[in-house]
Amino acid sequence: AELLRNVSLIDTPGVLESAKEVHTRNYDYIKVSRWFIERADLVFVLFDPSKLDAGVELRSLFQQLKGHESKLRMVLNKADQCEPQELMRVYGSL
């Protein structure tokens with residue numbers, strides 16, 4: 001469709017959970033994320049509810065999203081595989 005000629009989807013690497021893993025990146029993930037966030041019309045953040053961990057990198061990413069909340073869409077991937085109580089816990093932590 002003509003509309004899709006003006007759409008770009010960028011799939012960034014996932015957020016790393018541990019501080020040890022964060023140091024294995026060869027670039028500044030938060031700086032790169034901020035660059036894309038500032039230019040994007042919409043930002044989709046996908047979460048696996050069974051692996052949700054608010055590590056340093058995730059908290060830093062959320063800091064970069066401040067002021068851009070209107071662009072933000074959070075998606076719980078595999079939500080159909082979780083019990084309602086687990087989904088409520090995840091929702092509360094986000």
Do W35 and I30 sit in the same hydrophobic cluster, where Ile, Leu, Val, Met, Phe, Trp and Tyr count as joined when their side-chain heavy atoms come under 4.5 Å apart?
yes

Sorted by chain and number, sequence neighbours left out, salt bridge (charged side-chain N to carboxylate O under 4.0 Å, His left out) with K71 holds for none

>> In the structure I gave you, are the side-chain heavy atoms of Q64 and K31 within less than 4.5 Å of one another anywhere?
In response: no

(message) Is there a path of hydrophobic side-chain contacts, each under 4.5 Å between heavy atoms of I/L/V/M/F/W/Y residues, joining V32 to L46?
(response) no

Between L65 and I10, is there a shared hydrophobic cluster once you connect ILVMFWY residues whose side-chain heavy atoms come closer than 4.5 Å?
yes

>> Please tell me whether F62 and F36 are part of a single hydrophobic cluster in this structure, the criterion being side-chain heavy atoms less than 4.5 Å apart.
In response: yes

| field | Check against side-chain contact (heavy atoms from CB on, under 4.5 Å), V43 and R73 | value | CA-CA 6 Å; V43 176; R73 304 297 184 269; over 6 Å; no

Contacts of R5 meeting salt bridge (charged side-chain N to carboxylate O under 4.0 Å, His left out) (sequence neighbours excluded), chain-then-number -> E2

| Between V45 and V75, is a side-chain contact (heavy atoms from CB on, under 4.5 Å) present by the stated rule, with each step listed? | CA-CA 6 Å; V45 180; V75 179; over 6 Å; no

- prompt: Do V7 and L42 share a hydrophobic cluster (ILVMFWY, side-chain heavy atoms under 4.5 Å, transitive)?
  reply: no

The salt bridge (charged side-chain N to carboxylate O under 4.0 Å, His left out) partners of E83 (sequence neighbours excluded) come to none

CG of L76 to SG of C82, rounded to nearest 0.5 Å, is 8.0 Å

query = Would you say L72 and I37 make side-chain contact, with heavy atoms under 4.5 Å?
reply = no

One should read off an interatomic distance between S33 OG and E38 CD, to the nearest 0.5 angstrom, of 11.0 Å

